[in-house]
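Inspection log for the structure reproduced underneath, given as structure tokens.
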Amino acid sequence: MPVVSQPVGGPDLAQVRRIVSEIPGPRSRELLARQRTSVPAGVGAVLPVFVEAAGGGVIVDVDGNSFIDFGSGIAVTTVGNSAPAVAGRAAAQLRRFTHTCFLVNPYESYLDVCEKLNELAPVPGEKRTILVNSGAEAVENAVKIARAATGRPGIVVFDHAFHGRTLLTMSLTAKNKPYKQGFGPFAPEVHRAPMAYPYRWPTGPVRCAEEAAYALADLLDRQVGAENVAAVLVEPIQGEGGFVVPAPGFLSSVANICRARGILLIVDEIQAGIARTGRMFACEHEGIQPDLITTAKGLAGGLPLGAVTGRAELMDAVAAGGLGGTFSGNPVACEAALGVFEEIEAHGLMERAREIGETMLEHLGELADAYSVIGDVRGRGAMIAVELVEPEGDRVPAPDLAARVARRCHAEGLLVLTAGSYGNVLRFLPALSISDALLKEGLTVLGEAIAQELD
Ligand SMILES: *Cc1c(COP(=O)(O)O)cnc(C)c1O
């Protein structure tokens with residue numbers, strides 16, 4: 001085969017911000033025109049520049065623009081794009097075999113990933129893990145397991161929750177547009193409780209945890225009937241909902257409320273887990289021990305892999321043949337996941353996530369002091385957001401301002417994502433492989449974008 005020079009990503013990619021065309025550039029616009037005639041309109045793009053290579057803390061597009069990446073493909077490339085251990089292990093596996101179906105012929109790497117998650121997950125006692133293809137599939141399986149283990153149908157979720165786009169997980173998700181509009185009827189036996197969202201709690205942040213816990217217990221005891229509820233499902237930090245960090249103590253109250261009623265606690269770590277917040281699992285910050293944990297996004301460095309890790313007696317409640325899937329736990333994705341854990345350990349990435357969080361909180365705190373439109377700064381580790389509000393009024397969400405600031409950042413070579421039930425949150429999810437120089441440059445670009453929008 002002829003050797004063709006290909007662009008190479010990974011950490012060796014030049015770590016610079018560089019804008020050489022309009023955004024999107026001419027070549028991206030050509031490809032976008034093809035997308036419009038070949039891909040349905042329902043598949044949107046935050047920043048429609050087509051990618052040629054990525055790594056470290058940057059994404060390089062087909063027009064030669066290099067963006068500082070504060071998105072990580074939505075919290076997926078936590079260890080960096082094409083990180084050496086991930087790319088090396090996956091490439092070697094591609095040459096050995098690509099697939100057997102674990103349900104037909106098992107292979108060792110699947111066990112290695114499960115053992116790793118069992119070792120690390122803050123679930124009490126003996127544990128088991130099942131591997132699947134995506135976050136939504138992990139949540140679906142966690143619900144199946146919880147129902148089979150308890151014999152109860154009900155699932156309780158929270159305001160602002162996001163759990164996926166399949167029928168069940170869309171039903172578990174809170175926000176109507178764009179996730180649910182037109183897609184009903186929804187799955188039954190889903191009940192929703194208020195989230196302990198300190199910035200927007202009606203009586204203020206101080207009483208937030210206690211009042212939200214009371215509301216949950218009331219929903220369980222008086223409306224649904226605790227004996228009808230299999231599980232309470234909660235994100236340790238809400239992702240799409242706007243990086244809402246539950247008021248301190250709320251998650252442990254949820255755990256206690258569940259335990260007292262024989263209800264299982266499922267913690268959805270799909271966005272916040274796998275070293276993103278400075279701990280392997282975000283719920284460790286609150287010291288809780290869930291019955292089941294779902295992971296996906298950051299688990300395999302960009303290859304599709306999700307998992308449910310849970311107490312052995314619950315996981316084993318489903319009869320043989322009740323769980324699985326054709327592609328589930330694909331061997332290339334399993335090798336990639338092992339590479340992710342190697343990268344985290346070899347480079348001290350949990351510590352790095354904490355440092356990134358400190359840098360971001362310090363800079364964003366200064367911005368919040370300077371600009372009253374930054375109503376709240378929150379998050380943990382490399383999962384930080386600002387909530388934008390109108391200059392006048394009491395915490396009035398400013399989604400248009402958030403969209404304009406994001407667009408201006410994009411034009412200046414900084415990829416940021418928006419989030420939140422009101423669309424007014426800018427969220428920052430840099431890879432843990434980003435340099436301090438790029439991180440600070442990105443924060444400077446953000447500050448300038450806000451200043452210019454307010455001019
Ligand atoms: C992204 C996400 C999901 C869904 O994951 P997919 O891989 O997109 O199906 C579920 N829960 C949370 C918290 C997420 O952030």
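Please read all numbers here as calculations on a predicted model, not as lab measurements. Hydrogens, waters and symmetry mates play no part in the numbers below; they use all other heavy atoms, side chains included. Atoms within each ligand, like the ligands themselves, are counted from 1 in listed order.
Ring pair Y107/F102 is perpendicular by interplanar angle, where above 60° counts as perpendicular and below 30° as parallel.
A salt bridge does not link K144 to E137: none of the charged nitrogens lies less than 4.0 Å from a carboxylate oxygen.
Close approach of ligand 1 to A136 is summarised as follows: ligand atoms under 4.0 Å from at least one heavy atom of the residue are 4 (C), 5 (O), 6 (P), 9 (O). Interface atoms of ligand 1 facing K297, defined by a heavy-atom separation under 4.0 Å, are 1 (C), 2 (C), 3 (C), 14 (C), 15 (O). Within ligand 1, counting atoms from 1 as listed, the ones closer than 4.0 Å to a heavy atom of D268 are 10 (C), 11 (N), 12 (C), 13 (C). Each of the atoms 4 (C), 5 (O), 6 (P), 7 (O), 9 (O) of ligand 1 lies under 4.0 Å from some heavy atom of G135. Of all atoms in ligand 1, numbered sequentially from 1 with element shown, those under 4.0 Å from a heavy atom of E235 are 13 (C).
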Go through it in stages, so that I can follow the logic: the residues are T129 and K116, the test is side chain to side chain contact (heavy atoms under 4.5 Å, CB included), and I'd like the CA-CA distance, side-chain angles, deciding distance and then a yes or no. CA-CA 9 Å; T129 290; K116 196 76 194 169; over 6 Å; no

Stepwise, does the side chain to side chain contact (heavy atoms under 4.5 Å, CB included) test hold for S72 with T78? CA-CA 7 Å; S72 297; T78 305; 5.6 Å; no

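Between the side chains of Q93 and S109, no donor N or O sits under 3.5 Å from an acceptor N or O.
Checked by atom type and distance alone, the side chain of E387 never pairs as donor or acceptor with a backbone atom of R378 at under 3.5 Å.
In terms of polar-atom proximity, defined here as any N/O pair under 3.5 Å, Q271 does make such a contact with ligand 1.
Contact annotation: for A296 versus ligand 1, there are no heavy atoms closer than 4.0 Å.
Within the 4.0 angstrom cut-off, atom 8 (O) of ligand 1 has no protein heavy-atom neighbours.
Taking 4.0 Å as the cut-off, S134 counts as a neighbour of ligand 1 on heavy-atom distance.
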Exercise answer: donor-acceptor pairs, residues 290-298 side-chain atoms, under 3.5 Å, sequence neighbours excluded:
residue : atom : partner : partner atom : Å
D291    : OD1  : R311    : NH1          : 2.6
D291    : OD2  : L265    : N            : 2.8
T294    : OG1  : D268    : OD1          : 3.2

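Heavy-atom proximity to atom 10 (C) of ligand 1, evaluated over H163, R165, Q238, is greatest for H163.
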